[in-house]
Engineer: 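Got a structure for you, questions after.
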Number of protein chains: 2
Amino acid sequence: MKQNRTRISDVMDEIQSRITSRTYLPGTRLPSVRAQARAMELSVSTVVEAYERLAAEGFISARRGSGFYVTGPVAPLALAEIGPKLDREVDPLWVSRQSLETDGTVLKPGCGWLPAAWMYESGMRRALRTLARSDTAELAEYATPLGHPALRKFLARRMATTGVEAAPDQIMLTDSGTQAIDLICRFLLEPGDTVLVDDPCYFNFHALLKAHRVRAVGVPYTPNGPDVAAFETALQNHSPRLYITNSGIHNPTGAVLSPVVAHRLLKLADHADLVIVEDDIFADFETNPAPRLAAFDGLSRVIQISSFSKTVSASLRCGYIAARPDWIEGLIDLKIATSFGGGRLAANIVLAALTNSGYRKHMEMVRLRLAGAMEKILPRLDEIGVKPWFVPRAGMFLWCRLPAGMDAASIARSCLKDKVVLAPGNAFSQSLSAGDFLRFNIAQSTDDKIFNVLERALSEQA
Amino acid sequence: MKQNRTRISDVMDEIQSRITSRTYLPGTRLPSVRAQARAMELSVSTVVEAYERLAAEGFISARRGSGFYVTGPVAPLALAEIGPKLDREVDPLWVSRQSLETDGTVLKPGCGWLPAAWMYESGMRRALRTLARSDTAELAEYATPLGHPALRKFLARRMATTGVEAAPDQIMLTDSGTQAIDLICRFLLEPGDTVLVDDPCYFNFHALLKAHRVRAVGVPYTPNGPDVAAFETALQNHSPRLYITNSGIHNPTGAVLSPVVAHRLLKLADHADLVIVEDDIFADFETNPAPRLAAFDGLSRVIQISSFSKTVSASLRCGYIAARPDWIEGLIDLKIATSFGGGRLAANIVLAALTNSGYRKHMEMVRLRLAGAMEKILPRLDEIGVKPWFVPRAGMFLWCRLPAGMDAASIARSCLKDKVVLAPGNAFSQSLSAGDFLRFNIAQSTDDKIFNVLERALSEQA
């Protein structure tokens, strides 16, 4: 005999097919529950539940005392909602849009995150089960303005491991690392201000700064951090208000800041009264932590931000800002005005996942897998004449130069037709001086098709 | 015999108490796992798990091949992190900050949401358990730029029940209703532009518009919607770019738009090329839906936004924008630039909760409870001379005038000392003409203490 669940689905399918075939037009009153039960030889309660579910999903609606009616027509979903956008300009948002918009049939060596199967899935499942049993307040209420107190205490301890001293009330949770930087820009910048970025840097910094109507000036990045002489010249010539950079592993180059460069940068920043935002998002990928500007500076003019999208899950949104207490106070007001609260549920899940003893082992495994992928991918790239600018000690990125005369943007457009999303260099470069570079995500570059497609595109352009 | 879980906690407690008492100073190497196991007469595996958990929580850290060490000191949590902020000016953010910052010992008749116990707790728990078993991609990956396709299809059907025709790809998910309006402001406004709001209106509209450096102009609200003549004059005098309002139940008055006012507003908006943002957040509280501007206009110059914080949960962040396709395209770029993705997990939970057949029954119960609370509170307010401006047919708000000569801001400051957060009228009024009004949330006004504290404050000021 059929399960009750199946019988309910049968009724739902029957009604839906009549709606789709327009046997039941919008506005039609459905047969009464009793009549339907008789007609389908089912119990009244089964039909009631099926009607209730159809109403919950919006296909029919209940009118008090008069039964259920088919709801109005719904405009159709555009046919090509998901899929590569072949006609889009290669701008700073190109890589994000292509990577986010395409489905599972597309390979994404250009994207900025790990494959889903590399993420902390078991920790997420466990955290969700734990949350399902938590207090009502955790499930239903807004967060406090700073956000989940226990997560902030945990983050303070975590920052201490890289020498950053932050009290928990110097930490404000946000809905993402990007929102963290966005709030800081809103707080500190006026339209027309100048902001220094690394050249190359994470492409979304360009998109974000454009949204703020501020001018971005790039400082060349070296294997030890930004070029200190160029940094000093940029300070003199442009009087920037802010410098946005990565701490730890740099995106896209995989290089890290040396202590001497860190010290010199901070001296220059002091002299020029420059505020520095340090994005710590790749911290858990490091094998040995690089120096943190926030540790040297004591969160005086350095603001540290981060999120958990690269290690725990990109499906939940949670990030944070650690900064001077007076700045945090102003940032809280801005956060409430522009996004009301932060996600209490997301903060709870992040805390449960990170404090699980399996997380450290998970990240060890991720680092090992990345090291293994790196060993395989370097010779494959070499075979097709693609040379790494720098071989990183950790992280997922490899910043590579194409053979002479090649244009990464047209290579990327060409490979997109073959369902391979690449990350062309100029999306990362304020000065557009990386036109022959590509950023590879080694965790997303394990499929041989990528190198075959790339090789063909290179030979076509040669 | 003790459970293994308890034994692990014993080891953790022991080590933590030694760290707290500074028996183990920062940098101290912990006893080896073996030595600790012998000393506490426990198995090695129990101690290993305890050390791993302490490391996961950041109290100790592992160094490869050399054991576990106590991590550095952490700056203390400020003593008064949570509690009423007595010295803050009564500005548009006053009510939000006081309501969000205070703990369970504070009564909040001024806050804008239901008590946790009235929310859809069972649906949340069920949704979390369902999510714990979902595909890896749902748990770990970014959302598509528009956000969860199935939730958008559901929302399209749901909007159709109030006559709003939106294709699923005209709907973009956001992290909150507030973020939805914020993105629209970023997309459509220039600093210095003028925006019309209702007077009174939801106070956070004022805070949000201030963050955008635009000028807000209030149009008096009547029991049938905005005053049409005043609206027309405001269009002529200020050439506003945008009008932000509630659809359905108005915050704070509880009034609803009449069809004739809706029609006139849209004619005026057409003539003046005005864009209208309609915040539909209280839709599920209505017993009979009021006219939607978006339904009359067909999402041409009207944008509808909403979220689920008032009905499903405020702990998860999810909202949406429904608008013209070309605007949605621009809004996607802005969303990615300023917050990267949307919360895929949150969208999944919202969809699971809303499509559960229990949701409709839950909201019926909420509406009944609100009607019951209204019946009790009206006479209590009458006893102390507080008069409703309008008695709403549905929703949680009651907009009330204090006895002649009373100042709501000083009454609110006085009641805050007695741990009662009120919502003084001028937080809602652009023209500051509601100095003798208070907004009551009837769901949060069931405790008699509120009326006693308020009565005393009123008699002290009289």
Side-chain angles (χ1 to χ4, degrees), chain A residues 52-53 56-58 61 71-72 74-75 77-78 81 93 96 100-101 116 119 121 124-125 128-129 131-132 136-137 139-142 144-145 154 156-158 160-161 165 167-169 175-176 178-179 182 207-208 211 313-317 333 336-340 343-345 355 357 359-360, chain B residues 52-53 56-58 61 71-72 74-75 77-78 81 93 96 100-101 116 119 121 124-125 128-129 131-132 136-137 139-142 144-145 154 156-158 160-161 165 167-169 175-176 178-179 182 207-208 211 313-317 333 336-340 343-345 355 357 359-360:
Chain A
E52 286 287 352
R53 289 194 195 172
E57 293 188 12
S61 65
T71 48
V74 165
L77 190 68
E81 199 202 356
L93 282 162
S96 316
L100 291 171
E101 233 145 317
M119 302 292 283
E121 183 182 334
M124 281 293 292
R125 292 192 196 279
L128 286 168
R129 286 194 301 266
L131 256 281
T136 308
L139 296 176
E141 292 210 323
Y142 285 104
T144 58
F154 168 78
R157 292 196 296 273
R158 195 170 185 255
T161 64
E165 278 187 51
D169 52 358
D175 284 331
S176 63
T178 307
Q179 194 207 18
D182 185 50
L208 179 63
S313 163
S315 171
L316 62 83
R317 311 303 290 149
D333 279 353
I336 293 176
T338 61
S339 72
F340 212 70
R344 184 164 180 165
L345 199 80
T355 56
S357 62
Y359 179 70
R360 201 167 67 90
Chain B
E52 287 286 354
R53 290 194 193 173
E57 293 188 10
S61 65
T71 48
V74 164
L77 189 68
E81 199 202 354
L93 281 162
S96 318
L100 291 170
E101 232 145 317
M119 301 291 283
E121 183 181 335
M124 283 292 292
R125 292 192 196 278
L128 287 167
R129 287 194 300 267
L131 256 281
T136 308
L139 296 176
E141 292 209 326
Y142 286 103
T144 57
F154 168 78
R157 290 197 298 272
R158 195 170 184 255
T161 64
E165 277 187 51
D169 54 358
D175 284 331
S176 61
T178 308
Q179 194 207 18
D182 186 49
L208 179 63
S313 162
S315 170
L316 62 82
R317 311 303 292 148
D333 279 353
I336 293 176
T338 61
S339 71
F340 213 69
R344 184 166 182 162
L345 200 77
T355 57
S357 62
Y359 178 70
R360 201 167 67 91

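Every chain is numbered from 1, with letters handed out A, B, ... down the list of sequences.
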Engineer: Does the side-chain contact (heavy atoms from CB on, under 4.5 Å) test come out yes or no for A:Leu100 and B:Thr144, once each step is laid out?
Structural biologist: CA-CA 5 Å; A:Leu100 291 171; B:Thr144 57; 5.9 Å; no
Engineer: As an exercise: rank A:Ala207, A:Ser315, A:Ser339 by heavy-atom pairs under 4.5 Å with chain B and give me the winner.
Structural biologist: A:Ser315
Engineer: Using atom types as modelled and distance alone, determine if a side-chain donor or acceptor of A:Arg344 lies under 3.5 Å from a backbone N or O of B:Arg317.
Structural biologist: no
Engineer: Backbone N or O of B:Leu139 within a donor-acceptor pair of the A:Ser313 side chain at under 3.5 Å?
Structural biologist: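 Flag set: sc A:Ser313 to bb B:Leu139 pair under 3.5 Å.
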Engineer: Which answer fits B:Phe340, side chain, backbone, both or neither, if we ask what part of it has an atom under 4.5 Å from a heavy atom of chain A?
Structural biologist: both
Engineer: Let's test your reading of the structure: which of A:Ala137, A:Ser96, A:Ser61, A:Pro145 forms the most heavy-atom pairs below 4.5 Å with chain B?
Structural biologist: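 Most heavy-atom pairs within the cutoff with chain B belong to A:Pro145.
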Engineer: Report yes or no: does A:Thr355 contribute a side-chain atom to a donor-acceptor pair with the main-chain N or O of B:Glu57 at less than 3.5 Å?
Structural biologist: no
Engineer: Counting only heavy atoms closer than 4.5 Å, note whether A:Arg129 contacts chain B via side chain, backbone, both or neither.
Structural biologist: both
Engineer: With a 4.5 angstrom heavy-atom cut-off, is it the side chain or the backbone of A:Tyr142 that approaches chain B, or both, or neither?
Structural biologist: both
Engineer: Count the heavy-atom pairs under 4.5 Å between each of A:Leu93, A:Thr338, A:Leu128 and chain B, then report the option with the highest count.
Structural biologist: A:Thr338
Engineer: So among A:Arg125, A:Met119, A:Met124, which one has a side-chain contact (heavy atoms from CB on, under 4.5 Å) with B:Thr136?
Structural biologist: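 For B:Thr136, the side-chain contact (heavy atoms from CB on, under 4.5 Å) test succeeds with only one of A:Arg125, A:Met119, A:Met124, which is A:Arg125.
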Engineer: Could you check which of B:Ala116, B:Ala132, B:Gly343, B:Ala140 has the highest count of heavy-atom pairs closer than 4.5 Å to chain A?
Structural biologist: B:Ala140
Engineer: What part of B:Arg360 gets within 4.5 angstrom of chain A, counting heavy atoms only: side chain, backbone, both, or neither?
Structural biologist: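 Contact with chain A involves the side chain of B:Arg360 alone.
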Engineer: Counting C-beta onward and ignoring hydrogens, is there a side-chain heavy-atom pair between A:Asp175 and B:Asp175 closer than 4.5 Å?
Structural biologist: yes
Engineer: Between atom CG of B:Leu316 and atom CG of A:Leu316, what is the distance when rounded to the nearest 0.5 Å?
Structural biologist: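 The CG atom of B:Leu316 sits 11.5 Å away from the CG atom of A:Leu316.
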Engineer: Look at B:Glu141, B:Arg53, B:Gln179 and state which one has the largest set of heavy-atom pairs under 4.5 Å with chain A.
Structural biologist: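 Looking at each of B:Glu141, B:Arg53, B:Gln179 in turn, B:Glu141 comes out on top.
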Engineer: Count the heavy-atom pairs under 4.5 Å between each of A:Gly58, A:Ser176, A:Ala337 and chain B, then report the option with the highest count.
Structural biologist: A:Ala337
